[in-house]
2 protein chains.
Amino acid sequence: MVVGNKLGISKRNTTQRIYNKKEMSDFTTYVNKVSQLSKEAEEDLLPRLIPKSFRKGQVINTEGQICKKLFFIDKGLVKHYYHHKDRVFILRFFSETNFFTVLDSFTNQTPSQFITIALEDTETSSIDYADFDQLCRRHHTFETFSRKLFTMAAVVNLKRIKEMFDADATELYKEFINENPHLLQRISLGDTASYLGISQVTLSRIRSKK
Amino acid sequence: MVVGNKLGISKRNTTQRIYNKKEMSDFTTYVNKVSQLSKEAEEDLLPRLIPKSFRKGQVINTEGQICKKLFFIDKGLVKHYYHHKDRVFILRFFSETNFFTVLDSFTNQTPSQFITIALEDTETSSIDYADFDQLCRRHHTFETFSRKLFTMAAVVNLKRIKEMFDADATELYKEFINENPHLLQRISLGDTASYLGISQVTLSRIRSKK
DNA sequence: AATACTTTTTTACCTAAGTTAAAAAATCAT
DNA sequence: ATGATTTTTTAACTTAGGTAAAAAAGTATT
């Protein structure tokens, strides 16, 4: 296919800062929406949750680094991407009320090929791999949650393969704005192009035509 | 096995047939390779397995049809594809010692957008969705197997997205033959092209150049 | 062996999208 | 507000890969 956006170098950079004020996360609420936990599982989960905040531009997980956490986003936006031959490819954006992790890195505890950074100030609640693993072993209901969560991820990825296959650049863009109206104003044209696998120039042309 | 070679060939389009002589499938062996089942789970699983054979060219599951089974291939080859605007796109091939199903159709019991057909005479062992669901509920170890199986599917799909993004037609072909040397002789040029998302002509050109 | 499919290769031509470069517009920092 | 940086748009040119159609090679059927 060979697509993606040329890599540009940005000079604006904010430093990282961890929020000190702890607030309640919707992590468990959304776990239960995927699959209802038993009372015991929920009680075992709650004390393991770790609030973590990221500043806009801050790296959450980078290449070669093992992703040790499953995150839930309470607020904010994150991009999950990689470089290849001077191009940038964005695999996915994750925003509020969604779980995310680096799929293969987390599940196999192997180094990530991808980079995850915050596109906005982002508040998450996370659980460590070791805890995740324990909860899966101890609680059948938590294992069921995990199964459903990762099955959903597999289905989402399958859908993306299908889209990439049969849609041209214009169709890809239309589908994207259709399915992500809430993200449209929050993602730059360049990032949108990197997600769609087209050049920024092509996306600009598409936009101007409509 | 009853059917001889010549007889088998002449009987081109016979409908499906359940083997009368029951042979052991490797279904449980490979379940245990993914994740070790408890004794009880395995005993509960075994009687639910249904042997199913498909003739070359036979449709296993089609568009609009809910995929009601999780299959394990003991022998043979299957393609999983769809049509879009006069083109054919093959999402994946599945061959011996692999599990397969129509991911979203099976997990949500919704109509499939895809078609699955046998590319060779294929022997499978399968389990019904209702049984699968029961086993997941009853046995924590079976749920763990499912979680790992579908997580693997998600990872495979992610890898495919990455490949489609950053590889041109030639690279895609090289990666394909590298990773599927055992399939190369069994899949036609046309099907290979449909899998790579390129035209048959392009693939022919690539081949001749090397 | 002869006929008829089917699959693969080759050729000529065409189109969607990439590349480069530069200008215009929008955004941010002081 | 001012200048600096980043983002988006526009234009000219290039290219990878698509389409169609015909030739060649391979398989199957009588």
Side-chain angles (χ1 to χ4, degrees), chain A residues 1-15 55-57 79 84-90 117 119-121 163-174 176-177 183-210, chain B residues 5-13 55-57 77 79 83-90 117 119-121 163-174 176-177 183-210:
Chain A
M1 206 181 256
V2 173
V3 278
N5 211 352
K6 273 226 152 158
L7 180 55
I9 299 141
S10 161
K11 275 161 197 164
R12 261 179 222 154
N13 235 337
T14 42
T15 43
R55 275 286 162 127
K56 177 177 175 173
K79 76 172 164 184
H84 183 81
K85 293 183 187 167
D86 262 38
R87 301 265 118 72
V88 182
F89 301 94
I90 297 180
I117 79 166
L119 286 180
E120 300 173 355
D121 288 357
E163 277 175 11
M164 285 172 69
F165 257 143
D166 65 34
D168 64 20
T170 306
E171 288 169 337
L172 279 175
Y173 180 63
K174 282 184 187 167
F176 179 74
I177 56 175
L183 293 183
L184 200 55
Q185 282 74 5
R186 297 159 71 182
I187 298 173
S188 73
L189 179 116
D191 274 349
T192 306
S194 295
Y195 175 80
L196 300 178
I198 61 180
S199 76
Q200 195 169 343
V201 177
T202 299
L203 182 50
S204 185
R205 276 193 284 240
I206 288 165
R207 259 191 183 170
S208 68
K209 240 174 277 167
K210 258 205 65 181
Chain B
N5 218 7
K6 272 191 173 169
L7 191 58
I9 288 159
S10 63
K11 270 188 179 174
R12 267 279 153 96
N13 286 311
R55 276 288 161 126
K56 178 177 174 172
L77 178 62
K79 77 172 165 183
H83 300 279
H84 183 81
K85 292 182 186 168
D86 263 35
R87 274 168 155 254
V88 180
F89 301 93
I90 297 179
I117 78 165
L119 285 180
E120 300 173 355
D121 289 355
E163 278 175 9
M164 286 171 68
F165 257 142
D166 64 34
D168 64 20
T170 306
E171 289 168 335
L172 279 176
Y173 180 63
K174 283 184 186 167
F176 179 74
I177 56 176
L183 293 184
L184 199 57
Q185 282 73 3
R186 296 159 72 182
I187 297 172
S188 73
L189 180 115
D191 274 350
T192 306
S194 296
Y195 174 81
L196 301 178
I198 61 180
S199 75
Q200 195 169 338
V201 176
T202 299
L203 183 50
S204 185
R205 276 192 283 238
I206 287 165
R207 259 190 182 172
S208 66
K209 241 173 277 171
K210 258 205 69 181

(message) Nearest 0.5 angstrom please: Asp121(B) CG to Arg55(B) CZ, how far?
(response) 5.0 Å
(message) Quick check: closest heavy atoms across His83(B) and Val88(B), and the distance to 0.1 Å?
(response) ND1-CG2, 3.7 Å
(message) How many whole angstroms separate atom CD1 of Ile206(B) from atom P of dT9(C)?
(response) 11 Å
Can you check nucleotides 22-25 of chain C for protein contacts, nitrogen or oxygen pairs under 3.5 Å, and list what you find?
none

(request) Would you please confirm or rule out a distance under 4.0 Å between OP1 or OP2 of dG17(D) and any side-chain N or O of Thr202(B)? (result) no
(request) Taking the side chain as every heavy atom from C-beta outward, state whether Arg207(A) and Tyr173(A) have any pair of such atoms under 4.5 Å apart. (result) yes
(message) Checking contacts here: which listed nucleotide (dT19(D), dT9(D), dT9(C)) is nearest the side-chain heavy atoms of Arg207(B)?
(response) dT9(C)
(request) Report yes if some heavy atom in the side chain of Phe165(B) is under 4.5 Å from a heavy atom in the side chain of Arg87(A); otherwise report no. (result) no
(message) Please give me the minimum heavy-atom distance between Ala167(A) and Glu171(A), naming the atom from each residue.
(response) CA-OE1, 3.1 Å
(message) Can you tell me how far apart CD1 (Ile90(B)) and CG (Leu119(B)) are? Round to the nearest 0.5 Å.
(response) 7.0 Å
(request) Five pairs at each end of the helix from dA1(C)-dT30(D) to dT30(C)-dA1(D): take the axis at both ends and give me the angle between them to 10°. (result) 50°
(request) Can you tell me the distance, in whole Å, between the CD atom of Glu171(B) and the P atom of dA16(D)? (result) 12 Å
(request) Quickly work out the Leu203(A) CG to dG18(C) P distance and round it to whole Å. (result) 10 Å
(request) Find the distance Gln185(A):CD to dT8(D):P and express it as a whole number of Å. (result) 12 Å
(request) Find the distance Lys85(B):NZ to dG18(D):P and express it as a whole number of Å. (result) 15 Å
(request) With sequence neighbours excluded, tell me which residues meet salt bridge (Lys or Arg N to Asp or Glu O under 4.0 Å) with Arg186(A). (result) Glu96(A), Glu120(A)
(request) Provide, to the nearest angstrom, the distance between the CG atom belonging to Leu172(A) and the C1' atom belonging to dA17(C). (result) 12 Å
(request) Please list, by residue number, the residues of residues 188-200 of chain B whose heavy atoms come closer than 4.0 Å to an atom of DNA chain D; answer none if no residue qualifies. (result) Gly197(B), Ile198(B), Ser199(B)
(request) Could you tell me the separation between the CZ atom of Arg87(A) and the C1' atom of dA16(D), rounded to a whole number of Å? (result) 14 Å
(message) How long is the straight-line distance from CG of Asp168(A) back to CD1 of Ile206(A), given to the nearest 0.5 Å?
(response) 7.5 Å
(request) Please name all residues satisfying ring-ring contact (aromatic ring centres under 6.0 Å, His included) with His84(A), sequence neighbours left out, ordered by chain then number. (result) none
(request) Could you tell me which residues satisfy salt bridge (Lys or Arg N to Asp or Glu O under 4.0 Å) with Asp166(A), sequence neighbours excluded, listed by chain and number? (result) Lys162(A)
What side-chain donor-acceptor pairs closer than 3.5 Å can you find for residues 195-203 of chain B, not counting sequence neighbours?
from: Ser199(B); atom 1: OG; to: Thr202(B); atom 2: N; distance (Å): 3.1
from: Ser199(B); atom 1: OG; to: Thr202(B); atom 2: OG1; distance (Å): 2.9

(request) Among dT10(D), dT11(C), dG17(D), find the nucleotide with the atom closest to the side chain of Ser208(A). (result) dT10(D)
Between N or O atoms, less than 3.5 Å apart, protein on one side and nucleotides 13-15 of chain C on the other: list the pairs.
none

(message) Let me confirm one number: the CG-CD1 distance from Leu77(B) to Ile187(B), rounded to the nearest 0.5 Å.
(response) 5.5 Å
